[in-house]
Each structure stands twice: as structure tokens, then as C-alpha cells.
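Below, each value reflects all heavy atoms present in this structure, side chains not excepted, and no hydrogens, waters or symmetry copies. Small disclaimer: the values here were computed from a predicted structure and weren't measured.
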Amino acid sequence: MCEDDHGIGRRALFVTGAAAALTLGSVSFASGAPAAGQETRTVRGTLPTGSPDFVYVPVEVPSGVQELRVAYTYEKPAVPAGTPGNALDIGVFDERGTELGGKGFRGWSGGARTEFFVRADDATPGYIPGPVRPGTWHIALGPYTVAPGGLPYEITVTLTYGEQGKTPRPGYPPARAQGRGRAWYRGDCHLHSWHSDGRRTPAEIAALARAAGLDFINTSEHNTHSAHPHWADQAGDDLLIMLGEEVTTRNGHVVALGTDPGTFVDWRYRARDNRFGRYAREIRRAGGLVVPAHPHATCVGCNWKFGFGEADAIEVWNGAYTPDDEVALADWDSMLVASVRGGSRSWIPAMGNSDAHRDPDPVGTPQTVVLADDLTREAVQEGIRAGRSYVAESKSVSLSFSAAGPRGEHAGIGGRLRVAADAPVTVRLEVTGAPRCSARFVTDQGVLFTSAVLPVSGSGTVEWQTTAQYAAYVRAELRHEAALGPLPGPLAAFTNPIFLGA
């Protein structure tokens with residue numbers, strides 16, 4: 001075993017917009033395979049406060065290597081209350097380089113693992129199997145937060161020499177399941193397995209999805225597509241499995257929903273770098289939707305800073321309903337108001353997902369219920385993009401929401417009821433599975449109607465009369481009984497809007 005320290009004088013700083021990348025001194029190995037079949041190098045260093053977002057440790061890999069294995073540790077000293085402690089993410093790029101959006105990506109585990117390996121025939125979850133070719137590889141460190149005293153780390157790199165195995169040919173889940181034609185389909189599009197920081201296997205997640213009454217799911221591991229080939233065995237006529245990624249930047253997270261199999265989307269940029277548009281377009285070119293996730297979450301780096309100009313939908317409800325979701329819902333409603341008052345016909349639909357990681361996180365709480373022409377990737381995406389959907393806390397809650405004009409005009413969720421400004425409009429909500437909940441009708445003028453509490457059976461019908469000149473749109477919310485006075489209770493469900501007027 002050889003040891004080395006990363007000295008200040010041997011590092012080079014490469015600035016890429018607001019995000020800087022620091023490249024340290026190389027870790028070198030012998031040019032030929034040793035008799036023992038294995039070599040190990042250990043390097044140590046300390047990252048100061050104010051470190052760049054990404055620090056690269058080059059590893060000179062000789063020929064004849066069968067496996068690259070990396071383990072790391074770092075110090076986590078106690079810090080005063082309110083001061084971020086040390087958190088260090090890790091991943092790896094192969095000899096093709098670290099270029100933004102390049103082909104060198106071979107895996108990322110963030111802070112979920114302390115070691116990983118890459119071989120031709122296998123890799124740690126989160127990493128991509130493939131040949132270990134000679135050249136300069138790069139261990140990527142991501143100092144997520146650095147304590148005031150700095151972040152001391154130690155990295156151990158082990159190369160195993162020998163004949164490389166055969167890289168398996170990936171198989172992917174089909175883009176179609178056995179649907180019911182044009183119907184309402186339930187889905188959860190934000191889920192994590194052990195391929196990122198989740199603790200469940202794909203098989204466990206699929207079983208929970210079926211138990212939650214879901215018709216479709218979307219995989220969304222943090223900053224890696226390694227899970228894509230591991231879902232084929234879990235798909236079936238009863239469950240459509242779409243593939244994606246949670247692109248986890250330092251200025252917010254975005255779900256790439258339903259991309260082509262094997263699509264990797266880079267995440268190494270901030271809002272000031274003006275690069276998000278490029279990667280949003282890459283998501284769409286790969287057949288996916290761009291969905292900013294939990295935009296008002298309070299965790300470090302989770303709050304959305306890129307704006308919504310590239311969004312196809314917004315994840316307004318994420319997991320158990322919290323004040324963060326209430327803020328996201330209000331912010332989204334303000335965007336609806338701005339779109340109709342500005343005369344725009346374009347608007348961004350809302351959706352909800354569980355973001356489930358591990359027990360006891362429930363899969364399918366909440367779930368997005370989409371009116372789609374069939375149970376296919378394209379049909380589900382089109383329903384989400386068009387806003388033909390509502391969000392429910394579980395499979396127990398079902399809604400029917402519509403608006404009707406005086407001459408038989410009719411529109412459903414995400415649609416437009418074309419009537420004269422002063423024509424009477426009847427808004428109707430039918431509910432099942434929501435005991436002791438009340439319905440609220442929300443318009444561009446605010447909450448204009450609140451129903452009586454539904455009976456313990458959870459079923460009921462609520463109607464309200466309005467006009468297009470009084471309400472440019474109407475959307476419905478189902479709320480549990482409030483625990484405190486006039487405050488609204490937590491959501492049981494909400495719909496995308498119906499627009500009123502010519």
C-alpha cells in the first residue's frame with residue numbers, strides 16, 4: 001500500500017461559471033500487473049470552507065485491470081447549532097473524461113455509500129458496469145457542506161488485475177402495459193431504490209406500487225441512470241415502469257420523467273451558470289418531461305432556483321403533506337393567476353409524488369391520477385403535460401371534476417369551457433374515499449366556495465354556480481378537517497384547473 005497527501009501546490013482550479021472544479025494531484029499505479037494481482041493507494045487531504053462544488057482526483061489506471069474499487073472516509077466534527085457540518089459526496093468518471101455532458105460518467109452514490117467498485121461484468125448500485133480501460137480516471141468528490149474547520153478526507157483506491165468479464169447487454173422494461181383504453185391511471189413518478197440513497201430494491205418498490213393501486217411508476221435515482229436495466233423483471237401487464245433520473249443540482253432538483261432507456265442527464269451546474277436550459281432540452285430530446293421537484297423544500301440545495309420557463313409540470317405535493325407543500329401549492333396557484341391575467345393560454349400543470357426512499361415511506365402517497373388514452377409512456381406523459389390529472393393521497397380517493405355551460409358545453413380537468421363571460425357555469429365535484437373532508441373551489445380570485453364536511457362514508461357531490469367573468473379558472477381541493485381554527489386542513493386531493501371563457 002502506498003500513501004500520499006494532496007498538497008495545495010499540486011492542484012489546478014478550473015472555473016466553469018458559478019461552479020468551480022478543483023483537480024488534485026494524480027494517483028499513479030505501476031505500469032504492469034503485480035505478482036499479488038492487486039495494488040492499493042491511499043491519499044489524504046483537507047477541503048477548506050468555500051471549496052468548489054466538485055473536486056476531481058485523477059487516477060492513472062494501467063492496462064490489465066479487472067476491477068477498480070474506491071473507499072473513502074471523512075471527518076465529521078461537532079459543529080455549533082445552525083452551522084452546517086461536513087458532508088462529502090462521491091462518484092467516478094472513466095478515461096473518457098469529466099467534460100460536462102460527456103460520455104465519461106460511470107456512477108454516483110452521493111453520500112449514500114462509503115465504497116464502490118466498477119468491473120466489466122458488474123458494479124455497485126449507482127454505478128455502470130463496463131470495461132476498466134487504461135487511462136486517467138477521475139474520482140469525483142462533492143463537498144456538499146464543509147464545517148468551519150475544513151473537511152479532512154481519506155481515499156483508498158484498489159486495482160485488481162486480471163481478465164475482464166463480459167459486460168451484460170442491458171434489458172429495459174417495455175414502454176407499454178395492458179391498459180384500459182382512455183381511462184384514469186394512477187402513478188408515482190418520484191421514487192428511490194438502492195441505486196441512489198434509497199434502501200429498497202426495485203422488486204420491493206414494484207410490490208409496494210402494486211399494493212398502492214398504481215398503474216405506472218417512474219424511476220428517479222439521484223444523478224445516475226444505473227437502475228434502468230434493473231427494472232425489466234418488475235414490469236408487467238399491470239404496471240408500466242418508466243425510466244428517468246432525479247437531476248440533483250446545488251440549486252434544486254428536477255425529475256426527468258420517462259426518458260429513453262440509458263439516458264444520463266448531467267447535474268454539475270448552478271443557476272448562475274445558465275446551463276439548465278441545455279439539459280432541460282436534453283431531457284425532452286430523450287422523450288422525457290421536465291418536472292421541478294419539491295421546489296420549496298428546505299434541505300440544502302433542494303430549493304428550486306432555475307425558474308419554471310423550461311418546466312413541463314411542477315411537483316407541488318411531495319411525500320407527506322407539509323408546510324413546504326402548502327407554499328408550493330400557493331406559488332403554483334399564483335402562476336396560474338399570472339397566466340390568465342396576462343392573457344396567456346399556456347400554463348404549467350401540477351403533480352404529486354411520494355419521493356419514497358425507505359421504510360416507512362409509503363409508495364403512492366401521494367399519487368397523480370392521469371386521464372390517458374392508454375397505459376403507455378407517451379400517453380401518460382401527454383396526460384401529465386396537458387394537465388388532465390389530479391393528485392390524491394392514496395388509492396382510496398377518487399374524484400370527478402367538471403364544468404358545464406347553459407347550452408350543454410362541458411369541460412373536464414385541464415380543459416377549457418368555452419362560454420360567454422356572463423353565461424352561468426355549473427361546477428361539479430364528485431368524491432369518494434374522503435371521509436370528514438371538505439371541498440374548496442379555488443379561482444383566480446381565491447377560494448370562493450367551501451363545502452360542508454363530507455360524511456364518514458367519504459362520498460358526496462358538491463356543486464357551485466359561477467361565470468367566466470367572475471372566475472377565469474376553477475380548481476378543486478379536498479381538505480381534511482383543520483386541527484386549528486380557520487386554518488385549512490392538510491390536503492387529501494387537489495385537481496388541475498378547468499379554464500372558463502372563450
So, do Tyr269 and Trp267 have ring centers that fall under 6.0 Å from each other?
no
Name the one of Val427, Leu429, Thr426 that satisfies side-chain contact (heavy atoms from CB on, under 4.5 Å) with Glu463?
Thr426
Using 4.0 Å as the upper bound for N to carboxylate O, is an ion pair formed by Asp312 and Arg284?
yes
Please test Arg113 against Glu115 for salt bridge (charged side-chain N to carboxylate O under 4.0 Å, His left out), starting from the C-alpha separation and ending with a verdict.
CA-CA 6 Å; Arg113 288 183 168 80; Glu115 63 178 294; over 6 Å; no
Just by distance, with hydrogens left out, do Gln469 and Asp422 show a side-chain donor and acceptor under 3.5 Å apart?
no
Report yes if some heavy atom in the side chain of Met351 is under 4.5 Å from a heavy atom in the side chain of Leu257; otherwise report no.
yes
For a quick test of reading the model, state the closest non-hydrogen atom pair linking Phe276 to Glu310 and the distance between them.
CE2-CB, 3.8 Å
Aromatic contact between Trp332 and Phe308, with the criterion being ring centroids under 6.0 Å apart: yes or no?
no
CG of Leu336 to OG1 of Thr443: how many Å apart, nearest 0.5 Å?
11.0 Å
Do the ring planes of His228 and His225 sit parallel (below 30°), tilted (30 to 60°) or perpendicular (above 60°)?
perpendicular
Would Trp347 and Tyr473 count as a close aromatic pair, with their ring centres under 6.0 Å?
no
Distance flag, aromatic centroids of Tyr127 and Phe117, threshold under 6.0 Å:
no
Determine, for Arg275 against Asp266, whether the closest basic-nitrogen to carboxylate-oxygen distance falls under 4.0 angstrom.
no
What class does the angle between the rings of Phe105 and Phe93 fall in, given that below 30° is parallel, 30 to 60° is tilted and above 60° is perpendicular?
perpendicular
Side-chain donor or acceptor of Asn353 paired with backbone N/O of Cys189 under 3.5 Å:
yes
Whether the Asp355 and His190 side chains hold a donor-acceptor pair (N or O, under 3.5 Å, no angle test) is what I'd like checked.
yes
Do other residues, nucleotides or ligands put more than 12 heavy atoms under 6.0 Å from Glu430 CD?
yes
Just wondering, more than 12 heavy atoms not from Asp122 lying within 6.0 Å of its CG?
yes
Do any N or O atoms from the side chain of Gln367 and from the backbone of Thr365 form a donor-acceptor pair under 3.5 angstrom?
no
One should read off an interatomic distance between Asn218 CG and Glu245 CD, to the nearest 0.5 angstrom, of 11.0 Å
Strictly by modelled atom types, are Ser196 and Glu221 linked by a side-chain donor-acceptor pair under 3.5 Å?
yes
Which heavy atom of Asp373 sits nearest to which heavy atom of Ala379, and what is that distance?
N-CB, 4.1 Å
Enter the distance from Phe441:CZ to Thr466:OG1 here, rounded to the nearest 0.5 Å.
10.5 Å
